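Report on one structure; see the data block that follows.
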Amino acid sequence: MSNKRPAITIEATPEGCCEPLDSGALSEDDAEYAATLFKALADPVRLRLFSRVASHPAGEACVCDISDVGVSQPTVSHHLKKLREAGLLTSERRGTWIYYRVAPQPVATMSALLALGS
């Protein structure tokens with residue numbers, strides 16, 4: 001699979017929330033992209049790490065602040081890499097530490113997909 005992410009069309013409302021994608025069925029590329037996002041979060045450790053980054057008061061989290069999820073440090077690094085590869089997290093190295101942020105567009109895409117039919 002290529003690193004290029006297809007753009008799933010999401011229109012923001014004045015309140016900043018996303019409209020559901022009820023204008024038609026997903027294209028094959030959009031479905032592949034959305035599945036990649038959901039697959040990345042389908043692991044309990046990844047979901048916990050993602051949640052810790054998303055809920056961190058500073059809006060970003062150092063790996064040293066979120067790594068206590070009951071697995072070894074190499075396993076934490078593996079899961080964070082999978083979240084980055086899926087496009088759900090961005091990262092920035094500062095000295096010896098890596099800081100993570102939630103990427104807003106993929107989260108908006110998943111939110112809009114989950115809002116379908118509601």
Side-chain angles (χ1 to χ4, degrees):
M1 176 183 267
S2 78
N3 287 337
K4 185 177 180 203
R5 303 285 186 229
I8 296 176
T9 305
I10 299 174
E11 296 185 27
T13 64
E15 297 84 31
C17 188
C18 300
E19 292 292 330
L21 301 173
D22 57 4
S23 61
L26 288 174
S27 70
E28 186 175 336
D29 286 344
D30 288 348
E32 284 287 330
Y33 173 56
T36 299
L37 298 175
F38 287 111
K39 281 180 190 177
L41 288 176
D43 180 279
V45 172
R46 286 186 206 145
L47 189 55
R48 288 181 67 206
L49 287 167
F50 183 81
S51 172
R52 287 178 182 224
V53 173
S55 64
H56 201 273
E60 66 180 4
C62 174
V63 70
C64 61
D65 295 330
I66 60 171
S67 61
D68 59 337
V69 291
V71 296
S72 67
Q73 188 281 324
T75 303
V76 168
S77 294
H78 165 76
H79 287 300
L80 289 169
K81 177 182 175 186
K82 292 295 185 183
L83 291 168
R84 279 192 335 265
E85 287 174 346
L88 290 164
L89 294 179
T90 62
S91 63
E92 178 184 347
R93 179 173 292 279
R94 297 181 198 156
T96 59
W97 297 108
I98 299 177
Y99 287 77
Y100 293 90
R101 288 182 165 270
V102 171
Q105 186 57 46
V107 173
T109 296
M110 290 188 308
S111 177
L113 286 169
L114 292 172
L116 283 173
S118 56

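Keep in mind the model is a prediction, meaning the values are calculated, not measured.
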Given 3.5 Å as the limit, does a donor-acceptor pair link the side chain of [X] with the main chain of [Y], or not?
X: R48; Y: V69; value: yes
X: T109; Y: Q105; value: yes
X: T36; Y: E32; value: yes
X: S51; Y: L47; value: no

Can R52 and D65 be said to form a salt bridge (charged side-chain N to carboxylate O under 4.0 Å, His left out), step by step? CA-CA 9 Å; R52 287 178 182 224; D65 295 330; over 6 Å; no
Does any part of the side chain of [Y], heavy atoms only, come nearer than 4.5 Å to the side chain of [X], both counted from C-beta?
X: Y100; Y: T90; value: no
X: V107; Y: V102; value: yes
X: I66; Y: L80; value: yes

As a quick check of understanding, evaluate side chain to side chain contact (heavy atoms under 4.5 Å, CB included) for R46 and H78, giving each step before the final call. CA-CA 9 Å; R46 286 186 206 145; H78 165 76; 4.0 Å; yes
What are the two closest non-hydrogen atoms of [X] and [Y], and how far apart are they?
X: A34; Y: L113; answer: CB-CD1, 3.3 Å
X: A86; Y: Y33; answer: O-CE1, 4.5 Å
X: H56; Y: E60; answer: ND1-O, 2.9 Å
X: A58; Y: R101; answer: O-NH2, 4.5 Å

List the residues meeting side-chain contact (heavy atoms from CB on, under 4.5 Å) with S27, not counting sequence neighbours, and say none if there are none. D29, D30
Look at K82 together with D43 and state whether they make a salt bridge at an N to O cut-off of under 4.0 Å. no
After noting the C-alpha distance and the side-chain angles of T75 and S72, does the key distance pass the side chain to side chain contact (heavy atoms under 4.5 Å, CB included) rule? CA-CA 5 Å; T75 303; S72 67; 3.0 Å; yes
For V53 and L88: C-alpha separation, side-chain torsions, deciding distance, then whether side chain to side chain contact (heavy atoms under 4.5 Å, CB included) applies. CA-CA 11 Å; V53 173; L88 290 164; over 6 Å; no
Please report the C-alpha distance between Y99 and V63 in whole Å, then the side-chain angles of each, then the deciding distance to 0.1 Å, and finally whether the side chain to side chain contact (heavy atoms under 4.5 Å, CB included) criterion is met. CA-CA 6 Å; Y99 287 77; V63 70; over 6 Å; no
What I want to check is whether the side chains of Q73 and S77 have a donor and an acceptor closer together than 3.5 Å. yes
